[in-house]
Structure formats: C-alpha cells, structure tokens
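Have a look at the structure below before the remarks.
Because the structure is predicted, anything quoted here is derived from the model rather than measured.
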Amino acid sequence: MTMQNTRTEQDQLIETFDGRARRRADRRAFFTAALGVAAVGGAFAYADPALAQTTVSDSDVLNFALNLEYLEAQFYLYAVNGSGLTSDLTASGGGAAGGTVTGGAKVDFQSDPLVGAYAREIAADELAHVKFLRTALGSAAVAMPNINISGDANGPFTAAARAAGVVDSSGTFNPYGSPNDFLLGAFIFEDVGVTAYKGAAPLLTNKTFLEAAAGILAVEAYHAAIVRTTLYAKGVPALVTATEQISNARDALDGSPTEDKVRGIGPDDDQGIAPSGSNDTLTANLAPLNSNGLAFSRTPGQVLNIVYLNAGTATMGGFFPNGVNGNIKSTT
C-alpha cells in the first residue's frame, strides 16, 4: 500500500462508513451466540426492494451475474497477464461492442510464487465463468459495461480503502503493488461474489440454471477460502485488521436487512478473518457464516451498493462508473 498526497472527493462514502464502524467493534461475538432459529413462512422467495416493481427472468439474473464475472475476470486477468478479456468475450450476444476497462496491471508475484499460482488458477476460473454464462445466455448476453479497476489515487480501490480506513484520507491503495495488496483486492470481491450467487439463487426458476449457479457459487466459495486462508496464514496483524475494516465497510454499504437465520440473511452479513480466543482456544474465522453455520445472502440491490460504493440509491459508480448492463442495475 503506497501513500500519495492527492485527495479525491470521498466525503459521503467516508461518512457512511464512519457512522457504522464505531458500532461494529465488538460485533464478531454475535456470530457465536445461539439466538435461535427463525421460522420461515410462505413461499421461498427473495424479496429485493430493487426488484419489487419488476418481473425478473432467469436471463436477467444470469446477466446480473455476468456483469460481476466480467469485473472479477478483468481484475484477475490483468493481475496475472497484464491484459484482460478479449473483445469477443466482452461484446453482447447480439454483437454490440463491450465497454472499456480503466486501470489494471500485472502483479509481480516473484516474492510470493504461491500467491501467484493461486492468482493464475482463479483467473482461469473467472474466465471460464464468463464464457459459460455467455454461452448459456446466447443472444441475450449483455455486453461488458465500462469497468474501473484502477489502483491509482482516484480509483475505486483507493476510494474503498480510504473510507474503510485501510489507508488514510491521502493514501492510495494499489492492489497490483504487491502480492499482499493483491490478496486484499481479491478479498474485496470474493466474499461479495459468494453472497451474490446465494442471494440470487431463489430468483431462478429453471432448475438447470439453478444447478449451474450453485456450481459457480461453490467455486467462488473456494476462491474466497483461498484468499482468506492465505491472508490468515501470513500472520501479519495489519492484513487481518485490513480484512476487518473492509468487512465493516461492506456492511456499512449493504444496509441492515431483517434477520433470517434460516436463509442466511442478516444486518451484519460480513466478517473479516480475525480469530477468536487465544492459545488452546484460538479459533480461526475462515468461513464467514451465521450461528446456524450458513453462508450469507445478499440481494442484487445490496451487491450493487457495494460495487457502486454507494449506500444509497444509485445506478452507477465505483467499479462500474456507468452502471451494470441488463434489467437489474439499480440499488433500489
């Protein structure tokens, strides 16, 4: 993480995070408390305010996922190769040209070849996800939107890191600067991807698509586990602290949905990797979950709050400066 004196307009984002960060200092204990199991009545449906006035098709849900896969694929491919998706994989199913990518750079993994090996595996997986979803959608596939993965002072990684307190208000967070910084950049994305696929699953009606989405969800969970385990195993307190700060920042962005411990929905649906206990009772926190052992869900609107870096109503921003493509594009 490097430091520069350039300031950008991050005040609103910082205020959002600051208000909630103070209330989350001791919330990790919440996940070990036995608070009981909530009853679920009626049909199993995911109520997302962002979709309340819209009929959502399977194609809409898969295109929403495709937008996220475009983002992840570009980040990892640039980190590994110094270049991203080819133009034939960013055009719409109808042939319309895809958007542009701002930023992205090759990471020097020589100081940590194991992280480099992980990065190459994940990059290949995300590329496969893009190809698979585009094939499944066929002519209905949306083009890649404009994506910003810049690691400079005005980029979204820096905006998120400043607001979360990972760097100070004049600092810069460049996820391509070192293997450790790359891992923190990956940490920003991976847990969100897991919760996005889990939250979108009930919106799918076609069982074949549902099974395919579950397959991608499992892979994203493996990726998240790789990133979380590697960060934890490094034994660097500053890295652990950074994951807690990023976790709190994501919680500040995605709102406070009503607790549903059976479906994995909750107001605190994010966790860093800080362990609990000490000595013989030391317990890692590599799998973020609720007290029922369930991974968390996020609605599409909550996911967009995070990738747009905006806790309010928004249709663009952050990693998607002009918004995502498709019918699911607004946070509310």
Side-chain angles (χ1 to χ4, degrees), residues 56-81 83-93 98-99 101 104 107 116-149 175 182-183 185-204 206-228 295-300 303-304 306-307 319-320 324-329:
V56 179
S57 69
D58 285 355
S59 291
D60 292 332
V61 177
L62 294 183
N63 270 318
F64 177 73
L66 179 57
N67 279 277
L68 301 179
E69 296 295 348
Y70 282 140
L71 173 62
E72 288 191 316
Q74 295 289 22
F75 171 68
Y76 286 110
L77 288 171
Y78 268 95
V80 168
N81 302 321
S83 59
L85 294 166
T86 54
S87 59
D88 60 307
L89 293 177
T90 62
S92 72
V101 177
V107 177
Y118 292 156
R120 286 185 284 275
E121 178 183 6
I122 297 174
D125 294 345
E126 300 300 352
L127 175 60
H129 290 168
V130 168
K131 291 179 177 179
F132 172 75
L133 288 173
R134 287 175 57 84
T135 298
L137 285 160
S139 62
V142 296
M144 185 192 77
N146 291 335
I147 287 175
N148 188 342
I149 50 172
F182 164 79
L183 286 171
F187 179 82
I188 291 175
F189 289 143
E190 287 302 335
D191 287 339
V192 177
V194 173
T195 58
Y197 274 100
K198 183 171 180 289
L203 298 173
L204 291 168
N206 183 297
K207 290 186 177 181
T208 299
F209 288 160
L210 179 59
E211 184 173 7
I216 297 178
L217 166 60
V219 174
E220 297 294 348
Y222 282 129
H223 293 170
I226 289 171
V227 172
R228 294 172 70 93
F296 291 99
S297 298
R298 283 189 174 98
T299 67
V303 173
L304 290 176
I306 294 172
V307 296
F319 297 97
F320 293 101
V324 297
N325 287 331
N327 291 328
I328 302 174
K329 62 179 61 178

About how many Å separate [atom2] of [Y] and [atom1] of [X], when rounded to the nearest 0.5 Å?
X	Y	atom1	atom2	result
H223	E126	NE2	CD	5.5 Å
I226	E190	CD1	CD	8.5 Å
S59	N327	OG	CG	9.5 Å
T195	L217	OG1	CG	9.5 Å
L304	L68	CG	CG	7.5 Å
L204	L62	CG	CG	5.5 Å

Is there side-chain contact between [X] and [Y], with heavy atoms separated by less than 4.5 Å?
X	Y	answer
V61	F209	no
I216	F132	yes
F320	N146	no
L203	P300	yes

- [ ] Please report the C-alpha distance between L71 and V324 in whole Å, then the side-chain angles of each, then the deciding distance to 0.1 Å, and finally whether the side chain to side chain contact (heavy atoms under 4.5 Å, CB included) criterion is met.
- [x] CA-CA 10 Å; L71 173 62; V324 297; over 6 Å; no

Open item on the list: Between E69 and E220, does the side chain to side chain contact (heavy atoms under 4.5 Å, CB included) criterion hold? Intermediate values first, please.
Closed with: CA-CA 10 Å; E69 296 295 348; E220 297 294 348; 3.2 Å; yes

TODO: Would you confirm whether the ring centroid of F189 sits within less than 6.0 angstrom of the ring centroid of F319?
DONE: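 Yes, the ring of F319 comes within the 6.0 Å limit of the ring of F189, centre to centre.
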
Give me the atom names and distance for the closest heavy-atom approach of [X] to [Y].
X	Y	result
N325	A143	ND2-O, 2.7 Å
Y76	A186	OH-CB, 3.3 Å
L183	V227	O-CG1, 3.5 Å
D60	I328	O-CD1, 3.8 Å
V130	L66	O-CD1, 4.1 Å
F296	K198	O-CD, 3.5 Å

- [ ] Please check if any side-chain donor atom of N81 sits under 3.5 Å from a side-chain acceptor atom of S83, or the reverse.
- [x]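 No - no donor-acceptor pair under 3.5 Å links their side chains.
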
Task: Test applied, side chain to side chain contact (heavy atoms under 4.5 Å, CB included); reference residue, P175; option that passes from F182, F75, F187, Y78 - done: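 With P175 as partner, side chain to side chain contact (heavy atoms under 4.5 Å, CB included) holds for just one option, F75.
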
Task: N67 (side chain) donor-acceptor with P145 (main chain) under 3.5 angstrom - done: no

Open item on the list: Closer than 3.5 angstrom, by distance alone: can the side chain of N63 be matched with the main-chain N or O of G326 as a donor-acceptor pair?
Closed with: no

TODO: List the steps and the verdict of side chain to side chain contact (heavy atoms under 4.5 Å, CB included) for I122 and E72.
DONE: CA-CA 9 Å; I122 297 174; E72 288 191 316; over 6 Å; no

